Each structure stands twice: as structure tokens, then as C-alpha cells.
Amino acid sequence: MNHPLSILVIEDDADTLANLCDILELDGHVVLGVNSLAETKRVTRDHQFQIAISDRKLPEGYIEDLLSDLKSSLKGADIIVITGFADMQSTITAFRLGVTDYVIKPIIPDDLRRTVQQIAEKRRLEDELAREHRFADLVLNTAEAIVLVLDLDGNVIQFNPYFEQLTGWTHDDLLGKDWFRNCIAEHEHERVKEVFIETAHCVKTRGVVNAVVGKNGDSYQIRWANTTLRDLDGEVTAVLAVGVDISDLTIAQERALQAERLAAIGQTMTALAHESRNALQRIQAATEMLGLEVENNPNALKDLKAIQRANEDLKSLLEEVRLFAAPIHIRRSPVRFPEIWRRVWNDLSPLHSKRDVELIESFEGCNVDVHVDAPRLEQVFRNLFENSLAACTDPVRIEINCICVDDRIELVLSDNGPGISQHHLEMLFQPFFTTKPTGTGLGLSICQRIVEAHQGTLVAKDASGGARFEIRLPRQNHSTIPCLS
Ligand code: ADP
């Protein structure tokens, strides 16, 4: 016996009871016999049965009158009634009340066996179906993929919890609603509908990517594999779409593309900067000579100074672009860290000496040599100071807090300017992001590359009442470790 069942036999005639138990036990089932409803209630307190075989007439009355009591004791067991031809009408009543099958007296063992086997097979199929349902539920609830079902008009019939988790849409929001109108951006309607119609005409569509609009308006790039669902007659009733969120992949691809574009721009700009530097040097030399010739002409001298300033601006602009494009080689040498920013602050005195500006420094443990590329880090401080001085109105307070510990240097530079909005924070280190009319938007991107070339990090935050930049550098004690970035 492949699937032995646990069977309860309820019969008040002792011989019949023994006979029934024998037949069933011979087939390998686990059988218990009782002689009344009261006994049934007692044994079902501790045991559960899959089948109960009961005489129609019990000491407490007829089964059709006792059925609700019996069913609640048997908790889901199938009930087979043993009945005589004469009782057929009442047996049909019992059927209506939930009895599964009947066996006619006198009992023929093969008939009883067949009935029990049919129930066993039915139970096996039900168990299998329940197992498949549980598995399908598990897959639907745990897979990190969207499962979406649309009717043939494009209305949403069903979707899994992952879709809700990703997009924020709930069943209340979308069930029965038009998928395209609610979740697809208008400019994509035509293309996405074409795929839907193609799928509904029994074409499996795979690898189709489109954006799905979430409840709060965010959009997600989804790659779909679609097929149809059919009814028992084979008629297509719905479209099943399984989608994977590839938004991160798309962003990474865009970044890679941008990096390629920047590399190409970088190469061009390096060549341009190199050529231009020679030309600018010639302009500088020529204007210096001209300055001697027009010494006595104050108007001409004024114009000449303007040309020289423009020349200087152009030179530093080209230098910035060249720095951005060129690989960064780090050459470490021992230095006291505070000396780096102090040197820069002094160099920048033309920018702050005539304003109400204060640099407030505090540092701890920095009275030792650290091994960094000081000229490169000067560039970082120069850019951070210049940005703070440009952003803040007088009185300006720029604060530096620096801690040098065994394995790292942690420095925070903050100012009392307008700060940086969340939106700008996300783009701050992207090349060419600037809010200044004449800015290049390369400064912070270069700073970040320099710090990262030291294996450190540079992040920006919007502190209360100003901007805040945090630099973290690992301390290294060996000198001259060239590094590329
Ligand atoms: P640029 O100075 O050429 O604009 P940066 O990369 O140095 O390029 O700076 C990018 C942008 O970051 C600036 O245009 C400015 O909007 C913002 N920014 C940088 N530092 C500060 C600061 N201290 N306070 C407010 N905004 C800042």
C-alpha cells in the first residue's frame, strides 16, 4: 500500500465492526473501530483520521441527523456511510449534507476497497495541488521579479508583492485599472501596447525593456518576458508578464558611456591645453614687452592689464581642464598636515584679506609627519577655500577640524554659507556640475580624484547653516608610493 490511510470505523454491531477492520487492515491501513458517536468524540480528541466509515444507524440516531456533530469531531475526514437499499433516500440527504460516498449492505470487500481507494486518490491529488499552490505562492512572494497579469483589454488582473514593494502601487490602486494609463509614460504607450498586442496574439515576447512609473512618479527600467494564459478550452484569456528591474544596470551603463565620452573630451582637451599654453605664454611675453613701450600711456596700460588678467584666467581654466583629463600620480613625502592648508590659505590672501573672513582651526595629534602628496592636497584645499569664499557673504567663518590618529587623518571643513541642497549634493562631484556663471564644474571632481588617489574619501554634506566637506585619508608611513587615478 503506497498511501496507507488512518481510518475510523463507527459500527455498533461488533461482528460487522471486526469484519470491516480486518478488511481495511489487510490493505495496510491504520484502523480504529468505535461503536457510537460518543466514542467517536472521545477518540477524535487525540487522533486525526482521513476517512470515517460509519453505519447509517448509530446508537445516538441516524447519521443524517448527527452529521454536523460528527463532522466537527472528524475535522475534515471524508465520511463513507454504510447503508441498505431501503435507506437510499436518507443516504442521499446525508450526501447533500457533506458525506463523500456510501457502501451498500451486505458489504462486499472489493466495493469497500474501491471506495476507499478512490478517496485516497482524491486526497493524494488534493495534497499535490496544495503543495503546488504553496510552492507557487512561495515563488511569487519571494522572487525578486515582477509577476503581472493583464486581461486582454490591458487591465490589471493580478500582481505579486514584489511589484508593490518596488513601485508602491497596491492592489486597491490598480486591480481592474488600465495598466498603460496608470503605469506607462505616455510617450511609451504606443510601443508598449504593440508588444502587448503581439503577446496576446500568442507571440512570446522577451527582452523588451520599458519604464514603469511607480506610485510616487519614480520610474523603473524593467526587462520583460511575456506570454499568454489560456482557459481549459485553450482560449487566450490573459497576458502574463514577468519583469526584472534593471534600473541599476541602466544607470551603470549610462555612467560607463559618460566615462567614455569624458575620456574622449579629456584627450582632446589635453592636446588643446598643451597647444594653448604655448600661445598664452607668447601673449604674456608680448604684453610684457608692450607694457614697457606704453609706460607713459595710462589708458593703454589699463587695457594691457585687462588683457593680462584675461590671459591669466584662460591659463588657469586650461590648467583645470588639463588636470581633470590627466591621470593623477601621487608622490608622497613627509609633511605636517596643517602646513598644507595654511600654505594655501596664505596664498589665497588676495581673496580674503580685504573681507571679514576668519579661518578657525582645531587639530589634534597632527604634530607628526604624514606621508601624502602635499602639492596635490594643496589643490584640494585651494578649491574648497575658493568655493567657500565664493559661496559665503561676510562675515565669513570657515572652520577646519582635523584629527590625525594612528591609521588615518580625518578632516572636516565647514563654512557658514548657504549650504548645498539635497538635489545639488547628488551632483556635486560630477564633472561639469556648476552653479556659477563662469565655473567649470571640475574643481570638486578633481578634489575627489586626488583624495581617492590617496585611497581616501571626500564627501559633502549640508550642515545646518553652511556646507560641510569631510576628508578621510589613510595614513601611510612609507614615502614615494606612486599611485594612478
Ligand atoms: P565650480 O567651482 O567651477 O562651480 P566645483 O566643482 O568646485 O566647480 O563646484 C561645483 C558646485 O558646487 C559649485 O558651482 C557650487 O554650486 C557648489 N559648491 C561647492 N562648494 C560649495 C560651498 N562651500 N557652498 C555652497 N555650494 C558649494
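Everything numeric here is computed off the predicted structure, so don't read it as measured data. When a residue number appears, it is its place in the shown sequence, counting from 1.
Glu25 contributes no side-chain N or O that, together with a main-chain N or O of Val30, makes up a donor-acceptor pair within less than 3.5 Å. Thr40 places no side-chain N or O within 3.5 Å of a backbone atom of Ile10 that could act as its donor or acceptor partner. Asp415 places a side-chain N or O within 3.5 Å of a backbone atom of Gly417 that can act as its donor or acceptor partner. No donor-acceptor pair under 3.5 Å is formed between the side chain of Lys75 and the backbone N or O of Lys71. Side chain of Ser72 to main chain of Asp69: a donor-acceptor pair is present (N/O by atom type, distance under 3.5 Å, no hydrogens or angles). The main-chain N or O of Asp178 is found under 3.5 Å from a side-chain atom of Asn182 such that the two form a donor-acceptor pair. The backbone N or O of Ser6 sits less than 3.5 Å from a side-chain atom of Gln50, completing a donor-acceptor pair.
Defined by atom type and a distance below 3.5 Å, a donor-acceptor pair is present between the side-chain atoms of His171 and Gln158. For the residue pair Asn19 / Thr16, no side-chain donor-acceptor distance below 3.5 Å is found, with atom types taken as modelled. With hydrogens and angles left out, the side-chain atoms of Asn387 and Lys436 include a donor and acceptor closer than 3.5 Å. A side-chain donor-acceptor contact under 3.5 Å links Ser247 and Asp245. There is a side-chain donor-acceptor pair under 3.5 Å between Thr205 and Thr199. Inspection of the Asp231 and Thr237 side chains reveals no N or O donor paired with an N or O acceptor under 3.5 Å.
Summarising the geometry, atom CD1 belonging to Ile23 is positioned 10.5 Å from atom CD1 belonging to Ile108; distances are rounded to the nearest 0.5 Å. Remark: Glu386 CD to Phe381 CZ distance equals 13.5 Å, nearest 0.5 Å. Expressed to the nearest 0.5 Å, how far CH2 of Trp179 lies from CD1 of Ile184 amounts to 5.0 Å. In this structure, Ile53 CD1 and Asp78 CG are separated by 10.5 Å, a value rounded to the nearest 0.5 Å. Atom CZ of Arg56 is separated from atom CG of Leu66 by 10.5 Å, given to the nearest 0.5 angstrom. Between atom CD1 of residue Ile107 and atom CD of residue Glu11 there is a gap of 7.0 Å, rounded to the nearest 0.5 Å.
Tyr162 and Ile146 get closest at one heavy-atom pair: CD2-N, 3.6 Å. Between Leu384 and Ile471, the shortest heavy-atom contact is CD1-CD1, 4.2 Å.
Within 6.0 Å of the CZ atom in Arg223, the count of heavy atoms belonging to other residues, nucleotides or ligands does not exceed 12. Residue Lys204 qualifies as open at atom NZ: its count of foreign heavy atoms under 6.0 Å is 12 or below. For Glu126, the CD atom sits in a packed shell: over 12 heavy atoms of surrounding residues, nucleotides or ligands are nearer than 6.0 Å. Counted within 6.0 Å of CZ on Phe429, heavy atoms from surrounding residues, nucleotides or ligands total more than 12; the atom is thus considered enclosed.
Taking Asp137 as the reference, nothing meets the salt bridge (Lys or Arg N to Asp or Glu O under 4.0 Å) condition, with sequence neighbours excluded. For Glu186, the side-chain contact (heavy atoms from CB on, under 4.5 Å) partners are His189, not counting sequence neighbours.
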**Report entry** Chi angles and distances behind the side chain to side chain contact (heavy atoms under 4.5 Å, CB included) call for Asn141, Asn160
**Finding:** CA-CA 7 Å; Asn141 289 324; Asn160 64 338; 5.6 Å; no

Requested in this report: Let me see the working for Thr167 and Asp218 under side chain to side chain contact (heavy atoms under 4.5 Å, CB included), right down to the final yes or no.
Outcome: CA-CA 8 Å; Thr167 63; Asp218 286 351; over 6 Å; no

Requested in this report: Please lay out, stage by stage, how Phe337 and Phe363 fare under the test side chain to side chain contact (heavy atoms under 4.5 Å, CB included).
Outcome: CA-CA 10 Å; Phe337 206 63; Phe363 42 90; over 6 Å; no

Query - Trace of the salt bridge (charged side-chain N to carboxylate O under 4.0 Å, His left out) decision for Asp127 with Arg124 - result: CA-CA 5 Å; Asp127 284 353; Arg124 193 185 61 75; over 6 Å; no

Query - Test side chain to side chain contact (heavy atoms under 4.5 Å, CB included) applied to His29 and Val116, step by step - result: CA-CA 10 Å; His29 299 298; Val116 168; 3.8 Å; yes

Requested in this report: May I have the step-by-step check of salt bridge (charged side-chain N to carboxylate O under 4.0 Å, His left out) for Arg191 and Glu188, ending in yes or no?
Outcome: CA-CA 6 Å; Arg191 179 176 73 87; Glu188 294 225 81; 2.4 Å; yes

Requested in this report: Under the salt bridge (charged side-chain N to carboxylate O under 4.0 Å, His left out) rule, what do Lys57 and Asp12 come out as? Steps first, then yes or no, please.
Outcome: CA-CA 9 Å; Lys57 186 174 170 305; Asp12 56 353; 5.3 Å; no

Report task. Tell me, with the steps shown, if Arg408 and Glu410 meet salt bridge (charged side-chain N to carboxylate O under 4.0 Å, His left out). Result -> CA-CA 6 Å; Arg408 65 187 187 282; Glu410 286 178 2; 2.6 Å; yes

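For residues 197-231, the set of pairs meeting the ring-ring contact (aromatic ring centres under 6.0 Å, His included) definition, not counting sequence neighbours, is empty.
Relative ring orientation between His47 and Phe49 is described as tilted, the plane-to-plane angle lying within the 30° to 60° band. A perpendicular orientation is assigned to the rings of Phe196 and Phe180, their planes being inclined by more than 60° (bins at 30° and 60°).
The closest side-chain heavy-atom distance from Val380 to Arg376 is not below 4.5 Å. Side-chain contact between Arg475 and Val368 is present, with heavy atoms from C-beta onward closer than 4.5 Å.
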